[in-house]
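Sharing a structure with you now.
As the structure lists them, so they are numbered: ligands from 1, and atoms in each ligand from 1.
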Amino acid sequence: MKFLDLHAQYLSIRKDIDRAIQQTLESSEFIMGKSVFELEKKIASYCGVRYGISLNSGTDALYLALRALNLKVSDEVIVPAFTFFATAEVVALAGATPVFADITPGSFTIDPVSVEKKITKKTRAIMPVHLYGELADMRALMGLSRAHNIPIIEDAAQALGASLNGEKACSFGSMGCISFFPSKNLGAYGDGGMLVTNDERVATFARMWRVHGSEQKYNNIFIGDSSRLDNIQAAILLAKFPHLDTWNAKRAEKAALYNSLLDNRRYGLPIPTPASRHIYHQYTIRVRNGRDRMKEALANANIPTMVYYPTPLHLQKAFTHLGYHRGDLPESERACTEVLSLPIYPELADDDIRHVVEVLNSLPQ
Ligand SMILES: *Cc1c(COP(=O)(O)O)cnc(C)c1O
């Protein structure tokens, strides 16, 4: 069994992918071509926002969202401690200070109560992460955003297509950040990302930044960088995009099967609220005792699992200078010892899920 089978997905859409690559080669238009702009339009409209600016990676999308805020060293950006490193890394890269908030015990996303406690006069942004494909508590977070006049940047790297009360990820905050890393629900065959926003000023800034701060070639207005999604990746993503909703729905079906078979007294199961459309980038359970032992036993039975993430960001070596200690963010720390992600992808056979559950249920408590 595989943890993720990108080859199975390729086989299911091989003709379209091969044609997309072939057409790009024939056009020999590799950078900033038609496919790139078509993809930007489609993704922005899918998210329900006006502008999409494709970039090299999801990390660059997060970084640019912050750069658009013109942060100073003393400025603070609130991020969850339980997420992929990039979410906090970009705050430091953009020249400001990440401030870590805890997650809620019932989900894996940032706790609005913890966020409120961390708001100071220096807070310039709040960055919720829609971890594993489920939206953070955007109702409460948008309330805080309005009350304190602090913009929200959504890290939707794992959540393209997820929604809450019918509203899509990236449509709540002032900016949304998407990743097309190959393993994401809409993955390229290389790196890629997109910043989406309704703010024309931000869109213009990002479009110029990715081409060295220029509007027209060789007329550089500010210091930017080189960060573009190339045409081959855009063409591949355009070929995959029509399948995204079906793939996300299939993941949700697989998750529902896991949820129905796993013993919810023994494991914490990811059961979404009815208002939430979870797209199960990961299917992650909580194992309250002996997670690592269980992971090893599953590996011995040829069932690959992953721990996303083993270390909370406030305890990462790279952030020791911020002075956090163990015990500061207990829910994030606890999640790191309990989480176990099981195989999930649209092509995964239901019998494989049954097999995983059988093995899990047969392990000693
Ligand atoms: C994947 C991911 C990123 C970074 O995206 P890249 O395209 O790999 O740079 C950022 N945040 C989260 C939560 C992610 O899962």
Asp155 versus ligand 1: do any nitrogen or oxygen atoms come within less than 3.5 Å of each other? yes
Here the atoms of ligand 1 under 4.0 Å from any heavy atom belonging to Gly192 are 7 (O)
Trp247 and His243 aromatic ring geometry - parallel, tilted or perpendicular at 30°/60° bounds: parallel
Check ligand 1 against Gly58 and write out every atom of the ligand that is under 4.0 Å from a heavy-atom position of the residue. 5 (O), 6 (P), 7 (O), 9 (O)
Using the six-membered ring wherever Trp is involved, compare the ring planes of Phe100 and His314 and label them parallel, tilted or perpendicular (cut-offs 30° and 60°). tilted
Once side-chain hydrogen bond (donor to acceptor under 3.5 Å, both in side chains) is applied, do any residues pair with Glu40, and if so which ones, sequence neighbours excluded? Ser54, Arg210
Need the ligand 1 atom indices (1-based, order shown) with element for anything under 4.0 Å from a heavy-atom of Leu62. 10 (C)
So, do Phe180 and Asp191 sit near enough that their side-chain heavy atoms are less than 4.5 Å apart? no
Numbered in order shown, the ligand 1 atoms found under 4.0 Å of a heavy atom of Ala157 are 2 (C), 3 (C), 10 (C), 11 (N), 12 (C), 14 (C), 15 (O)
Which of the ligand 1 atoms, numbered from 1, are nearer than 4.0 Å to a heavy atom of Val129: 13 (C)
Among the heavy atoms of Ala61, does any lie under 4.0 Å from an atom of ligand 1? no
Between Asp292 and Lys295, does any side-chain N to carboxylate O distance fall below 4.0 Å? no
Ser332 and Asp102: CA distance, side-chain angles, deciding distance, side chain to side chain donor-acceptor pair (under 3.5 Å) verdict: CA-CA 6 Å; Ser332 301; Asp102 213 349; 2.6 Å; yes
Please work out which of the three classes, parallel, tilted or perpendicular, describes the rings of His321 and Phe319, given edges at 30° and 60°. tilted
Taking atom 9 (O) of ligand 1 as the reference point, the nearest protein heavy atom with its distance: Thr59 OG1, 2.5 Å
Between ligand 1 and Lys184, can you find any atom pair, the residue atom being a heavy atom, that is separated by under 4.0 Å? yes
Hey, is ligand 1 close enough to Thr83 that some N/O pair sits below 3.5 Å? no
Among all protein heavy atoms in this structure, tell me which lies nearest to atom 15 (O) of ligand 1, with the distance rounded to 0.1 Å. Gln158 NE2, 2.8 Å
Tell me whether Ser179 has any N or O atom under 3.5 angstrom from an N or O of ligand 1. yes
Output yes when the distance from some N or O of ligand 1 to some N or O of Phe181 is under 3.5 Å, and no in every other case. no
Carefully, step by step, assess Phe205 and Phe222 under the rule ring pair (Phe, Tyr, Trp, His ring centres under 6.0 Å). CA-CA 10 Å; Phe205 168 73; Phe222 59 82; 5.2 Å; yes
Evaluate the ring planes of Phe108 and Tyr132, with Trp represented by its six-membered ring, and classify them as parallel (under 30°), tilted (30 to 60°) or perpendicular (over 60°). perpendicular
